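The model shown is predicted, which means the values in this text are computed figures rather than measured ones. Keep in mind that the numbers below use all heavy atoms, side chains included, and drop hydrogens, waters and symmetry copies.
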Protein chains: 2
Amino acid sequence: MRGTSSRLLDLLSLLQARRDWPGAELAGRLEVSGRTVRRDVERLRELGYPVESLTGPAGGYRLRAGTAMPPLLLDEDEAIAIAVGLRTAARASVAGIEETAVRALVKLEQVLPSHLRRRVAALGSATIAPAAGGPTVDPQHLTTIASGCRDSECVRFDYRSRDGTGTQRDVEPHSLVNLGRRWYLVGWDRGRDDWRTFRVDRLTRPAATGVRFTARELPGGDPAAFVERSIAGAWNRYEARATVHAPASEIAKRVPHAASGLEPIDDRRCELRTSDDDLGWLAIRIAMLGVDVEVHEPPELIEELSRLAARLGAAAGRPPR
Amino acid sequence: MRGTSSRLLDLLSLLQARRDWPGAELAGRLEVSGRTVRRDVERLRELGYPVESLTGPAGGYRLRAGTAMPPLLLDEDEAIAIAVGLRTAARASVAGIEETAVRALVKLEQVLPSHLRRRVAALGSATIAPAAGGPTVDPQHLTTIASGCRDSECVRFDYRSRDGTGTQRDVEPHSLVNLGRRWYLVGWDRGRDDWRTFRVDRLTRPAATGVRFTARELPGGDPAAFVERSIAGAWNRYEARATVHAPASEIAKRVPHAASGLEPIDDRRCELRTSDDDLGWLAIRIAMLGVDVEVHEPPELIEELSRLAARLGAAAGRPPR
DNA sequence: GGATTGAGGACAGATCCTGACCTAAATCGC
DNA sequence: GCGATTTAGGTCAGGATCTGTCCTCAATCC
């Protein structure tokens, strides 16, 4: 016998792997009597996991969605898919999800068997970066740093500051902040004896040193606000406005992420408002619309589009204007 | 008392939420004696979860990565992040991961509490589609269909065939296949009494009918091969070749997904080979390189780039040539 | 070397678990 | 409507398990 706890986990695992299970089959898989299966189901219900049951032929048990998350029992491939999915989500897929994605990734990677971790790393290098406009961040760096934040463990890395000089830093990481398509580490720089903000895409070879520290209180409390203060004025934000020669509904269907900034003008045109801190990426997004457009502002974007048009014209073999 | 099974899950949850735990604190949280905590740790080890322990001051317990995946105990935000991450991974992020991502998503959504499901759906509509070149697939459709495959339950949907005519289908779903940036459903069409392949981006309002069926054997066995046979010749594939006026290393760093097709020519140029079945998307990828390029073939791509250049020139306010 | 923290054996009492057996209720197919 | 199938759950007895207490060791840090 393998103990009831282990058996309950197996039962949960079975119930997650398929939707409907006849009691007799569960009894066979778990190598217990049908009575015990009924009791186990009762136990799961007591633990808060809603197991439905249907009587009659074609009846059976079924795990429904409840009010709380049950433990997820994943097979190896599923664990890998989740790790890969979280890595991409940690970049810049959906507003506000990134920091939680990193937290979940840390939790997953803590228990991810090493042979799976290798497979994830191998897949990770083949990732299509959705944020192909800006600098890319290695998700591995994010998890290393986030682990440091969570477990109060110092992190050492090489940092390339804005003017290009490289230094080695030893930092007590406080939090990881995602702002405007970039990742920042807020931490206490042990070498400078002060709070600092680091851009994660500018640091290399981060590693936990093994040194534990007692958490300090960040002045102001809110890490995101701290980052905003430190980078104030460090980058521009471009607000674009354009007239799109296609119905809003069609664009919304073809380019879902643009939908929020669309306002219909008439049956055949709509106005698009969108913004970014990266001109190149903004231009690409205009290009992706796939229909005729007139860009009204900002002038920098108009210039960027001219440049891009010239370059593509040249790519197609025409002399640039 | 809450039973040892429940307490073991709580212990696992605690060990996943933070890395280091002194035994006394665990005892307090679980409301048992220290001796019982030691016994619980022993139980977890027997179940195969490697719990490390360190003696002495600053000692404690720590859940390490083992050889098998332990049950993941997620909080609500983490579950959402995973759902969102899997939805994007299910599109086209990393070769070969998509089908597993959908499987994991089905497992997760089966037990995802309804209020969390609503949050995921709300976030999903804001997703930046990485595959903005081609038609997009609603992840919700994928999970509905994949559930049908897993649980042998019929699915009904409206299908828009290539010539634009719409029909309603009632299908016994067999498998969901991801091929060449597109999703296909292979299933037994109950109306036509035959095996059919459906493009998921062409179907709308899929829903489980509740009718169960007994699995049939797919002729040939391999669903992917079946899809390939059915769509053979249905779409063109464009193989592009271009000279990029930048070092291969720089492009590889800036646009990771292009790296595999890069061949250095000299210190300042490289050759890019890449292919796709969607001309528009191919053109966007060229545009994303952000440097000067000469495209040699295919002629269709050169024409597409000219069109794009003209459109962007116009967008920037210049008269198209 | 002393303080702290985990390891684990022994024990007694309480609790829990399992399989067997039985009856009831719901559902499906004929 | 009837019979077959499937879950629901009560009861019982024997055995296994679990818990807290008490104790001694071992490892580690200061």
Item to complete: Indicate, yes or no, whether a donor-acceptor pair under 3.5 Å links the base of C/dG6 to the side chain of B/Arg35.
Response: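 Result: no qualifying N/O pair found.
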
Item to complete: Give a yes or no on whether a donor-acceptor pair under 3.5 Å exists between the nucleobase atoms of C/dG6, that is its base, and the side chain of B/Arg38.
Response: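 Side chain to base: no pair below 3.5 Å.
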
Counting only side-chain N and O atoms of [X], is one of them less than 4.0 Å from OP1 or OP2 of [N]?
X	N	answer
A/Arg43	C/dC17	yes
B/Thr55	D/dA27	no
B/Arg7	D/dT19	yes
B/Ser33	D/dT19	no

Please classify the nucleic acid contact of [X] as base, sugar-phosphate, or nothing, using heavy-atom distances under 4.0 Å.
X	result
A/Arg62	nothing
A/Val32	sugar-phosphate
A/Gly34	nothing

What is the distance, rounded to the nearest whole Å, between atom [atom1] of [X] and atom [atom2] of [N]?
X	N	atom1	atom2	result
A/Leu26	D/dT7	CG	C1'	12 Å
B/Leu30	D/dC18	CG	C1'	15 Å
B/Leu54	C/dT4	CG	P	18 Å
B/Leu8	C/dC16	CG	C1'	15 Å
B/Tyr61	C/dT4	OH	C1'	13 Å
B/Leu11	D/dT19	CG	P	12 Å

Practice prompt. Indicate whether any N or O donor in one side chain lies under 3.5 Å from an N or O acceptor in the other, for B/Arg216 and B/Thr214.
Written response: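 Looking only at side-chain atoms, B/Thr214 and B/Arg216 do not form any donor-acceptor pair under 3.5 Å.
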
Worksheet entry | Position toward the 5' end of DNA chain D (nearest nucleotide), B/Thr36 or A/Gly60 |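 So the residue in question is A/Gly60.
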
Discussion item. With nearest nucleotide decided by heavy atoms, which residue, A/Glu42 or A/Ser5, maps closer to the 5′ end of DNA chain D?
Written reply: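 Comparing both residues, the 5'-ward one is A/Glu42.
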
Practice prompt. Spell out, as yes or no, whether a donor-acceptor pair under 3.5 Å connects the side chain of B/Asp151 to the backbone of A/Arg19.
Written response: yes

Worksheet entry | A/Arg18 backbone acceptor or donor facing B/Lys107 side chain under 3.5 Å | no

Practice prompt. Tell me, with the steps shown, if A/Gln140 and A/Arg117 meet side-chain hydrogen bond (donor to acceptor under 3.5 Å, both in side chains).
Written response: CA-CA 11 Å; A/Gln140 196 58 59; A/Arg117 196 165 319 170; over 6 Å; no

Item to complete: Test side-chain contact (heavy atoms from CB on, under 4.5 Å) on A/Arg199 and A/Leu185 and set out the steps.
Response: CA-CA 6 Å; A/Arg199 265 177 55 174; A/Leu185 160 65; over 6 Å; no

Worksheet item: Closest nucleotide of DNA chain C for B/Arg39 versus for B/Pro22: which of these residues is on the 5' side?
Response: B/Pro22

